[in-house]
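Read the structure below first, then the notes.
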Amino acid sequence: MGWFSGNPAHVWEHPPVAEAERYVKALGGLSAAVSKARGFVREGDLRFAVTLLNHCVFAEPGAEGPKRLLAQVYERLAYATENAVWRNFYLTGAMELREGVKAPSTASDSADVRAALSVDQLIDAMSVRVNGPAAWGLDLAVDWYLPGQGRYWHLRLKNGVLTYTVGEGQFFCGAHSDHEQGAVASAACGKGAGCD
């Protein structure tokens, strides 16, 4: 059944922040909700403590107390589980509550990454960057020939989709490129042939 459990109460729920604000209000405010969560922690019901604290954090994202306590409970759950995926989610959640969500530190479009990809992988990377609706009316064809590999890549952008075939024969269309793989990698990433 996918995301829906069949329970009508879950058909049209509030978004997380709106729901959290209502839960915290129903529990008597932020202090009362955190106090109840502490009680569930003392009783060992960490799962429900997490539920209450999660509502507190969503309702009052600037309140440090609920974030610190939720991070502690996440850590306890992490070290109690044998499931590595769960442990990583709990520990990452605890870290983000303490330090904030950090932006990725590496770029995925570096020259080193491009140089390590095969031509097929480069074309696949290009194909997922195509804006299908914007490219819907285009009908373009380009042949790539790499002398070092002795193969032709016949690319076609039509109906918003970039496809290709590989062959050893002649060029299929009038537009073609016969560069080395590094130049093709740069061109595939919008740098122009022959650029780094």
Side-chain angles (χ1 to χ4, degrees), residues 1-5 10-20 54 57-58 61 67 71 74 78 81-196:
M1 290 185 70
W3 64 269
F4 181 53
S5 66
H10 301 292
V11 171
W12 193 31
E13 296 177 301
H14 285 285
V17 173
E19 183 178 68
N54 187 59
V57 169
F58 269 83
K67 289 201 289 194
Y74 278 163
T81 186
E82 294 178 11
N83 185 312
V85 175
W86 290 15
R87 184 178 311 113
N88 288 338
F89 272 105
Y90 285 135
L91 292 175
T92 300
M95 180 186 72
E96 289 176 348
L97 285 165
R98 291 184 177 119
E99 301 172 14
V101 178
K102 296 181 180 177
S105 60
T106 59
S108 63
D109 189 21
S110 70
D112 292 337
V113 170
R114 289 192 310 265
L117 297 177
S118 70
V119 175
D120 297 298
Q121 291 171 325
L122 284 168
I123 297 170
D124 289 342
M126 288 172 45
S127 70
V128 299
R129 291 178 164 199
V130 172
N131 180 339
W136 185 258
L138 297 176
D139 187 358
L140 306 172
V142 176
D143 290 331
W144 282 352
Y145 175 71
L146 300 184
Q149 297 190 22
R151 295 169 60 195
Y152 294 85
W153 283 263
H154 311 288
L155 287 75
R156 184 80 183 253
L157 178 61
K158 185 174 182 178
N159 297 330
V161 178
L162 178 65
T163 59
Y164 71 98
T165 57
V166 180
E168 297 176 8
Q170 298 297 316
F171 291 121
F172 285 174
C173 68
H176 64 273
S177 171
D178 57 353
H179 294 283
E180 294 300 325
Q181 185 167 342
V184 170
S186 293
C189 297
K191 307 286 187 193
C195 300
D196 287 329

Residues two or more places apart in sequence or in another chain: which of them pass side-chain contact (heavy atoms from CB on, under 4.5 Å) with [X]?
| X | result |
| --- | --- |
| Val161 | Thr163 |
| Glu82 | none |
| Glu19 | Glu13, His14, Tyr23, His55 |

Rounded to the nearest 0.5 Å, what separates atom [atom1] in [X] from atom [atom2] in [Y]?
| X | Y | atom1 | atom2 | value |
| --- | --- | --- | --- | --- |
| Lys158 | Trp136 | NZ | CH2 | 10.5 Å |
| Leu117 | Ile123 | CG | CD1 | 11.5 Å |
| Leu138 | Asn159 | CG | CG | 10.0 Å |
| Leu122 | Trp144 | CG | CH2 | 6.5 Å |

Student check: side-chain heavy atoms of Leu162 and Tyr164 closer than 4.5 Å: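 The answer is no, as the side chains (C-beta and beyond) never meet within the 4.5 Å cut-off.
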Side-chain heavy atoms of Leu155 within contact of Met126, under 4.5 Å: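 The answer is yes; the side chains approach within 4.5 Å.
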Pair Tyr74-Leu91, side chain to side chain contact (heavy atoms under 4.5 Å, CB included): steps then yes or no: CA-CA 7 Å; Tyr74 278 163; Leu91 292 175; over 6 Å; no
Locate the shortest heavy-atom distance separating [X] from [Y]; write the atom from each residue and the value.
| X | Y | value |
| --- | --- | --- |
| Arg156 | Ala141 | CD-CB, 3.9 Å |
| His10 | Ser5 | CD2-OG, 3.6 Å |
| Ala71 | Ala94 | O-CB, 3.6 Å |
| Val130 | Gly160 | CG1-O, 3.6 Å |
| Val85 | Asn83 | N-OD1, 2.9 Å |

His154 and Tyr152 aromatic ring geometry - parallel, tilted or perpendicular at 30°/60° bounds: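 It falls in the parallel class, under 30°.
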Short side-chain to backbone donor-acceptor contact, Lys67 and Arg98, under 3.5 Å: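 No, because the side chain of Lys67 does not come within donor-acceptor range (under 3.5 Å) of the backbone of Arg98.
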